[in-house]
Participant: 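A single structure is presented below for examination.
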Amino acid sequence: MSLWFPMLKTDWKTIRQPELAKVPFVFSTSEKNRLIISACNSVARSSGLHIGMRLADAKAILPDLCVQQDSEDRELKLLKAIGEWCIRYTPLVSLDLPDGLIFDCTGCTHLWGGEENYIREIKTRFKSKGYTVRAAIADTIGTAWAMARFSKNTVIEANSQKLAMSNLPPSALRLDDVTLEKLRKLGFRTIHSFSAIPNSNLRRRFGDLLLLRLMQAYGEIEENFRPLDVPEPYQERLAALEPIRTRVGIEIAIRELLNMMCNRLVGEGKGIRNALLKTFRIDGKQQAVDIGTNQATCNVDHLFKLFEQKIETIRPALGIELFVLEVTLIGEADTSQKSLWTGKTGLADNGVLELLDKLAGKIGSKAIKRYLPQERYWPERSIKQTNDLKEIPQTYWSTDALRPTQLLSKPEVILVTAPIPDYPPMNFRYKDDLHIVKRADGPERIEREWWLDKGEHRDYYIVEDQHGKRYWLYRSGHYGADQTQWFLHGFFA
Amino acid sequence: METKQDIINRLRKEILAKQGFKPDLASTSHIKGLSEIEAAFPNGVFPTGMIHEMLFHEGEEAAACSGFLGALLSSLTVPESIILWISVGRNLFPPSIKIFGIEPHQIVFVDATQEKQVLWALEEGLKCQGITAVVAELRELSFSQSKRLQLAIEESHVTGFVLRTDATKLSTTTCVSRWQISALPSETNDGMPGVGFPKWNVELLRVRNGQPGKWEVGWHGNQFQIAQEEAKKAINYEKLGRLRA
């Protein structure tokens with residue numbers, strides 16, 4: 001079904017400012033350095049104004065014209081809002097810019113007692129709100145579009161698109177201006193007049209678009225339909241007879257939903273990666289909790305445990321009347337032979353993955369970290385954090401230069417006595433203790449990655465003090481320079 | 001005819017088995033170069049599937065402890081195994097562990113925000129059979145908490161290391177041993193200058209059914225090396241212990 005709002009923007013404004021209903025009123029927008037009309041209401045229209053007209057010309061016709069500045073995506077916002085409201089008539093609503101909506105009303109009309117009643121209901125609803133609307137139902141998007149705009153017929157019988165379209169002008173085919181002009185020059189005033197011409201001739205003269213539109217209108221080619229709100233394909237609903245208020249009740253509901261979902265997924269060889277549980281309370285409030293796993297799984301017990309950690313956050317208040325479980329991310333699951341799972345070690349083991357899911361659920365997925373080597377010298381950047389548990393290093397962990405076991409996240413300033421340039425310090429003070437350097441290695445100069453940050457290079461020394469403790473020190477910049485400073489960056493084992 | 005000593009030995013083994021020390025059939029020594037320390041444990045084998053406690057001071061001492069622990073872990077793991085490292089405010093720098101024989105990406109770090117979470121994660125980790133070892137940095141561990149952990153590993157036989165960051169809060173626990181590691185001046189070959197192989201003073205403060213002791217242990221590239229004279233002392237110590245028993 002196609003829905004057409006001939007005066008979408010002005011209707012919308014008039015609803016908010018009822019005094020505009022009686023006066024000529026237009027929206028203007030600037031195009032190529034001149035102001036033109038982008039929308040006009042019925043009063044203005046009856047005085048001969050139309051869309052695309054220059055504002056200056058319009059003002060000459062109607063000096064007391066009421067003009068408002070148009071914003072760029074106003075119709076998109078309006079249509080989106082209206083489309084979302086229209087979900088009550090069908091789950092599949094699609095935008096048809098700039099001034100229409102398309103419904104996929106298959107299987108919906110009988111709820112309103114037939115197609116005529118369906119259209120009547122929608123029209124009266126919009127009329128009562130203040131929108132002028134025209135609608136038509138047909139087998140194809142193209143025909144419905146044409147009927148809504150160019151015909152008084154609202155319901156086209158199945159398989160009679162050709163007949164219905166035959167007397168309409170070519171502009172009912174959603175064509176561009178150039179093609180329409182060509183058709184007009186050649187005297188094709190109705191679709192009927194050229195629909196009998198062989199396809200090859202039509203294509204040669206008018207291009208592919210005309211043929212495409214014709215075939216789309218006749219239903220010979222499928223036309224894509226992009227719904228506004230894509231329904232989750234993996235969704236299970238559980239309505240409660242009595243509102244549920246207890247933890248036990250919620251647990252039963254979750255288990256039931258997971259059973260239903262996993263039964264279905266097992267059959268398809270898929271598993272849950274992310275799932276969302278929505279609870280609808282009788283006071284109209286909605287709550288949601290989500291879980292995530294490291295590996296697609298259909299293990300009900302495991303999934304239930306993940307939800308169990310979060311049940312506390314659900315506030316049932318007066319009671320929950322509907323539970324909806326949506327799988328927001330799905331993955332291929334290895335559902336073969338459960339008994340073999342326990343034999344593997346490390347991250348191949350399901351037990352480990354389940355444990356990590358559990359930890360992530362409780363502490364937060366950001367708390368779980370793994371590090372991979374990076375081929376960079378700057379110590380803080382030589383490792384890369386990864387959340388993917390399956391990721392393997394692309395390069396080797398370098399052992400060319402020793403790195404401290406404990407690395408301070410922020411190097412600490414120390415006072416040193418250094419005898420001569422490029423020699424390690426003789427002693428240093430750290431936390432009020434004097435450390436006398438007995439052995440030392442270095443310097444190892446590490447240059448800053450200048451394309452990332454500015455600053456001095458670092459000259460690192462490994463030193464051992466009189467107690468046998470080993471430290472990683474560095475001098476920032478060259479010896480003797482004004483801003484030379486020494487830092488302690490880590491401790492060696 | 002069984003002698004009295006045989007009977008005592010047999011009974012002792014049974015008791016040990018009931019306490020969770022399984023006589024290891026495959027090998028007598030797990031850890032390269034550390035057999036002297038292993039001798040301090042019952043059956044003369046480093047007990048895996050148990051919880052060990054290590055004193056873990058902040059800063060300099062932490063480095064020595066985590067280095068020794070890394071080297072210890074490397075001898076317990078195989079390339080695919082996973083180690084869980086749970087802590088609050090961790091300073092461990094993963095690439096450094098490589099020289100002790102562990103691939104740093106084998107370690108999964110859990111950076112908790114509260115001490116309570118560490119304890120919870122530790123218990124969950126110890127219950128999981130697929131994990132080789134769990135390391136947790138904890139300030140406090142009460143007797144009942146350690147009992148809970150003990151129950152968790154009895155099923156799974158995961159090895160646990162609890163790094164106690166607050167030495168003033170020590171109390172009796174069910175842990176099999178308590179270690180203290182401090183740094184010693186490093187060793188170089190033939191008196192070469194510079195900083196050499198790391199060396200630690202490894203103290204076993206307490207061992208359940210075993211003999212505490214003190215060793216000087218170095219890490220030479222891929223294996224432990226116990227300083228000779230110290231090793232001798234340790235053996236004597238052990239003999240003394242046996243006589244006492």
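As the structure is a prediction and not an experimental result, all values here were calculated from the model. Proteins get letters first, then strands, A, B, ... in listed order; numbering begins at 1 in each.
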Participant: Quick one: closest heavy-atom pair of B:C128 and A:L355, and the distance?
Facilitator: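 Where B:C128 meets A:L355 most closely, the heavy atoms are CB-CD2, 3.9 Å.
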Participant: Taking atom CG of A:L452 as the centre, report whether more than 12 heavy atoms of other residues, nucleotides or ligands fall under 6.0 Å from it.
Facilitator: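 More than 12 heavy atoms, drawn from other residues, nucleotides or ligands, come within 6.0 Å of this atom.
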Participant: Any chance you could measure A:K358, atom NZ, to B:W120, atom CH2, to the nearest 0.5 Å?
Facilitator: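 Result: 6.5 Å between the selected atoms.
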Participant: What part of B:K199 gets closer than 4.5 Å to chain A, counting heavy atoms only: side chain, backbone, both or neither?
Facilitator: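 For B:K199, the contact with chain A is made by the backbone alone.
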Participant: Just wondering, are more than 12 heavy atoms of other shown residues or ligands nearer than 6.0 Å to NZ in A:K305?
Facilitator: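 No, NZ of A:K305 has 12 or fewer neighbouring heavy atoms, counting only those of other groups under 6.0 Å.
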Participant: Measure distances from B:F100 to the heavy atoms of chain A and classify the residue's part below 4.5 Å as side chain, backbone, both or neither.
Facilitator: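 Only the side chain of B:F100 comes within 4.5 Å of chain A.
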Participant: Where on B:Q106 is there a heavy atom nearer than 4.5 Å to chain A: the side chain, the backbone, both, or neither?
Facilitator: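 Contact with chain A: none, neither part.
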Participant: Checking A:Y371 against chain B: side chain, backbone, both or neither under 4.5 Å from a heavy atom?
Facilitator: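 Contact with chain B involves both backbone and side-chain atoms of A:Y371.
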Participant: Considering residues, nucleotides and ligands other than B:F197, do more than 12 of their heavy atoms fall under 6.0 Å from its CZ?
Facilitator: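 Above 12, so yes.
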Participant: Which one of B:A71, B:A183, B:G67 has the most heavy-atom pairs closer than 4.5 Å to chain A?
Facilitator: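 Option with the top pair count is B:A183.
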Participant: Check for a donor-acceptor pair, side chain of B:N91 on one end and backbone N or O of A:Q406 on the other, with a separation under 3.5 Å.
Facilitator: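 Not at all, since once roles are kept as given, no pair shorter than 3.5 Å links the two residues.
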Participant: Which one of A:P379, A:G364, A:A367, A:S398 has the most heavy-atom pairs closer than 4.5 Å to chain B?
Facilitator: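 Result: the option with the highest number of such pairs is A:A367.
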Participant: Would you say the side-chain atoms of A:E464 pair up with the backbone N or O of B:S186, donor to acceptor, closer than 3.5 Å?
Facilitator: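 Here the side-chain-to-backbone pair exists.
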Participant: So for B:W85, is it side chain, backbone, both, or neither that comes closer than 4.5 Å to the heavy atoms of chain A?
Facilitator: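 Neither; nothing under 4.5 Å.
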Participant: Shorter than 4.5 Å, heavy atoms on both sides: which option in B:W219, B:W200, B:F93 has the most such pairs with chain A?
Facilitator: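 Heavy-atom pairs under 4.5 Å are most numerous for B:F93.
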Participant: Would you say CZ of A:R448 has more than 12 non-hydrogen atoms from neighbouring residues, nucleotides or ligands within 6.0 angstrom?
Facilitator: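 Enclosed.
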Participant: Please determine, among B:A121, B:P95, B:S182, the option with the most heavy-atom pairs under 4.5 Å with chain A.
Facilitator: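 Highest number of pairs under 4.5 Å: B:P95.
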Participant: What's the separation between atom CG in A:L372 and atom CD in B:E103, rounded to the nearest 0.5 Å?
Facilitator: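 Separation between the atoms: 11.0 Å.
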Participant: Hey, what do you get for CZ (A:R370) to CD1 (B:I82), rounding to the nearest 0.5 Å?
Facilitator: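 One finds 6.0 Å between CZ of A:R370 and CD1 of B:I82.
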Participant: Give a yes or no on whether A:Y377 atom OH has more than 12 heavy-atom contacts from other residues, nucleotides or ligands under 6.0 Å away.
Facilitator: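 12 or below, so no.
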Participant: Chain B heavy atoms under 4.5 Å from A:L402: which part of the residue, side chain, backbone, both or neither?
Facilitator: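 For A:L402, side-chain heavy atoms alone lie under 4.5 Å from chain B.
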Participant: Please determine whether the number of non-hydrogen atoms from other residues, nucleotides or ligands lying under 6.0 Å from atom CD of B:Q114 exceeds 12.
Facilitator: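 Yes, the 6.0 Å shell around CD holds more than 12 heavy atoms from other groups.
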Participant: Of the backbone (N, CA, C, O) and the side chain (C-beta and beyond), which part of A:Y396 lies under 4.5 Å from a heavy atom of chain B, both, or neither?
Facilitator: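 Contact with chain B involves no heavy atom of A:Y396 at all.
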Participant: Between B:L84 and A:L356, does the side chain to side chain contact (heavy atoms under 4.5 Å, CB included) criterion hold? Intermediate values first, please.
Facilitator: CA-CA 10 Å; B:L84 213 58; A:L356 293 176; 4.0 Å; yes
Participant: Working to the nearest 0.5 angstrom, can you tell me the gap between B:E187 CD and A:R439 CZ?
Facilitator: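 Separation between the atoms: 9.0 Å.
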Participant: More than 12 foreign heavy atoms under 6.0 Å from CG of B:L170: is that the case here?
Facilitator: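 It does: B:L170 CG has more than 12 such atoms within range.
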Participant: Does atom CD (A:E447) have a neighbourhood of more than 12 heavy atoms from anything else shown, all under 6.0 Å?
Facilitator: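 For A:E447, atom CD is crowded (more than 12 foreign heavy atoms under 6.0 Å).
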Participant: Picking from B:A64, B:A62, B:S96, which has the most non-hydrogen pairs under 4.5 angstrom with chain A?
Facilitator: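 Of the options given, most contacts go to B:S96.
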Participant: Could you tell me which non-hydrogen atom of A:L359 sits nearest to which non-hydrogen atom of B:V110, and how far apart they are?
Facilitator: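 Taking every non-hydrogen atom into account, CD1-CG2, 4.0 Å.
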Participant: Hey, which of B:G125, B:C65, B:P104 has the most heavy atom pairs under 4.5 Å with chain A?
Facilitator: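 Most heavy-atom pairs under 4.5 Å with chain A: B:P104.
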Participant: Any sub-3.5 Å donor-acceptor pair from A:R470's side-chain atoms to B:L184's backbone N or O?
Facilitator: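 Checking the backbone N and O of B:L184 against the side chain of A:R470, a donor-acceptor pair under 3.5 Å is found.
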Participant: Non-hydrogen atoms of chain B under 4.5 Å away: do they reach the side chain of A:I383, the backbone, both or neither?
Facilitator: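 It is the side chain, since no backbone atom gets that close.
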